[in-house]
Each structure stands twice: as C-alpha cells, then as structure tokens.
Amino acid sequence: MELVEGVHKLAVLRANAIGDYLVSLPALEALRAAYPQAELVLLGAGWHAGFLAGRPGPVDRCVPVPPTDGVRDDQPPAPPATVDRFFARMRDERFDLAVQLQGGGRHSNPFVRRLGARVTAGSQAPDAPRLDRTVPYTGHQHEIHRSLRWPAWWGRPR
C-alpha cells in the first residue's frame, strides 16, 4: 500500500492495557519510520502519558481517550458532552492520518472516523464500518501476529 502524502500529524488509537501497547510497538515503529517528520499522537488510556514520559520510542505525545463503550471499557462511559468535547478538540488537531490498532473496528472504526482525519486506516471485521484503508481482522489470530501485519498495510516504506 502506498504512503499517504503530506502526513504532518497522525493519531493512533490504542487505549487499553500495557500488554496491548507492547504488542502494538512494531506497528508504531513502522508508522514512525514511514512518517519520520510527522507528530505521532497516541490516543490512549490515562496511564499512557505517565508511562511513556521520558522513554525513547515512536510516540511524541499521548492524549487520554474518554471512557467509551467498546473503546475504553476500563471505567463507566463518560457523559456524552465530555465525549463530544474530546472529539471537537481532536478535530481541531487536524490529523492527516488516523489509525486504529484496537480490535476489529466495530466500535473503534466509528471512533477513528469521528476524529476528522484526512485519511483513516485500521482493521475491519465483517461487522465493522469501513475506513479509508483497512486490513481484514481475523479474530482467531494471535495479537502479536496481527500487530506485525499492520505496518505493511498502512504505509511502511518498501
């Protein structure tokens, strides 16, 4: 798949536990290599910013995602007004590319589309809404193998 032209800022949704973050590192590193000048913003859980502060890695900045059904289930869902304010702030970021690395996309693909990015990418299960660029989601695949597939689909330089 071709690189997305003109990516200056990209968002990556991965708002779950530490193991999930760790297995997403190959995809995050590939995105960093593909778009070395872009700001890579991790849309994560509240703990990500503190955990990644001062550590080398592909992420430039972390933004906590409000708890929402199917995306951040570690707490009760945030009030709709809080979620709406989050998305308004994210649209103001003017992301060139938004990638979801969080499951088959049933809940995460609508979430990523709502960011207002110029191009969206992510996994897609049969029951999930489509993004601009998708890779088929296989539910019975080990998460590490799935993470290693993502870079080739979303713009790793060849």
Side-chain angles (χ1 to χ4, degrees), residues 1 3-78 82-83 85-105 107-109 111-123 131-135 137 141-158:
M1 187 164 290
L3 290 175
V4 176
E5 296 286 327
V7 174
H8 302 287
K9 188 183 282 193
L10 66 105
V12 177
L13 176 64
R14 187 66 176 193
N16 31 29
I18 192 167
D20 299 304
Y21 173 77
L22 292 175
V23 298
S24 72
L25 279 172
L28 291 168
E29 292 285 353
L31 284 165
R32 166 56 63 217
Y35 305 102
Q37 303 304 316
E39 179 185 17
L40 195 155
V41 179
L42 177 67
L43 304 179
W47 65 268
H48 281 102
F51 177 75
L52 296 176
R55 295 178 191 265
V59 175
D60 294 308
R61 180 167 52 105
C62 297
V63 174
V65 169
T68 52
D69 286 329
V71 173
R72 239 193 92 205
D73 293 328
D74 60 326
Q75 298 173 16
T82 300
V83 175
R85 282 191 302 276
F86 168 80
F87 281 112
R89 282 193 342 263
M90 293 302 98
R91 284 189 298 275
D92 287 346
E93 294 263 359
R94 304 180 69 85
F95 292 111
D96 298 299
L97 174 61
V99 177
Q100 76 85 354
L101 300 180
Q102 189 154 326
H107 298 283
S108 51
N109 286 359
F111 188 98
V112 166
R113 288 189 349 203
R114 200 168 167 195
L115 297 170
R118 186 168 47 88
V119 178
T120 58
S123 299
L131 298 174
D132 298 316
R133 296 183 178 192
T134 60
V135 59
Y137 180 83
Q141 184 178 31
H142 193 284
E143 190 70 17
I144 291 172
H145 295 144
R146 185 178 298 118
S147 182
L148 291 171
R149 278 182 38 191
W150 291 327
W153 282 83
W154 295 320
R156 179 179 61 198
R158 297 185 178 175

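Given the structure is predicted, the values throughout are model-derived calculations rather than measurements. Along the sequence shown, residues are numbered consecutively beginning with 1.
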### Task
May I have the step-by-step check of side chain to side chain contact (heavy atoms under 4.5 Å, CB included) for Arg114 and Val83, ending in yes or no?
CA-CA 11 Å; Arg114 200 168 167 195; Val83 175; 3.9 Å; yes
### Message
Tell me if a side-chain donor or acceptor on Asn109 pairs with a main-chain N or O of Ser123 at a distance below 3.5 Å.
### Response
yes
### Donor-acceptor under 3.5 Å (Lys9 side chain, Arg94 main chain)
no
### Task
Could you tell me whether the side chain of Arg61 reaches within less than 4.5 Å of the side chain of Leu42, counting heavy atoms only?
no
### Gly122 versus Leu131, closest heavy-atom pair with distance
N-CD1, 3.5 Å
### Query
Taking C-beta and beyond as the side chain, do His8 and Gln37 meet within less than 4.5 Å on heavy atoms?
no
### Message
Do Met90 and Val63 make a side-chain contact, defined as non-hydrogen atoms from C-beta onward lying under 4.5 Å apart?
### Response
yes
### Message
Can you confirm whether more than 12 heavy atoms, excluding those of Arg91, are under 6.0 Å from its CZ atom?
### Response
yes
### Query
Under a 4.5 Å cut-off applied to non-hydrogen side-chain atoms, are Gln75 and Arg72 in contact?
yes
### Task
Taking the side chain as every heavy atom from C-beta outward, state whether Asp73 and Pro67 have any pair of such atoms under 4.5 Å apart.
no
### Summary
Between Pro64 and Gly46, the two heavy atoms sitting closest are CB-CA, 4.1 Å
### Criterion side chain to side chain contact (heavy atoms under 4.5 Å, CB included) on Val99 and Leu13, from CA distance to verdict
CA-CA 6 Å; Val99 177; Leu13 176 64; over 6 Å; no
### Message
One thing to verify: whether Arg118 and Glu5 come together as a salt bridge, which I'm taking to mean a side-chain N less than 4.0 angstrom from a carboxylate O.
### Response
no
### Query
Does any N or O in the side chain of Thr120 come within less than 3.5 Å of the main-chain N or O of Asp132, such that one atom is a donor and the other an acceptor?
yes
### Message
Distance alone, cut at 3.5 Å: any donor-acceptor contact between the side chains of Ser108 and Gln102?
### Response
no
### Task
Look at Asp60 together with Arg32 and state whether they make a salt bridge at an N to O cut-off of under 4.0 Å.
yes
### Query
Counting only N and O atoms by type, is there a donor-acceptor contact under 3.5 Å from the side chain of Asp96 to the main-chain atoms of Leu10?
no
### Message
Just so I know, are the side chains of Arg14 and Asp20 near enough to count as touching, which here means a heavy-atom distance under 4.5 Å?
### Response
yes
### Query
Is any side-chain heavy atom of Leu31 closer than 4.5 Å to a side-chain heavy atom of Leu40?
yes
### Sub-4.5 Å side-chain heavy-atom contact between Val12 and Leu28
yes
### Task
Examine distances only and state if a side-chain atom of Trp47 and a backbone atom of Ile18 form a donor-acceptor pair shorter than 3.5 Å.
no
### Task
Locate the shortest heavy-atom distance separating Leu101 from Ala27; write the atom from each residue and the value.
CD1-CB, 3.9 Å
### Query
Under 3.5 Å, side chain of Tyr35 to main-chain N/O of Val4, donor-acceptor pair present?
yes
### Task
May I ask you to decide if the ring planes of Phe111 and Phe86 are parallel, tilted or perpendicular, using 30° and 60° as cut-offs?
tilted
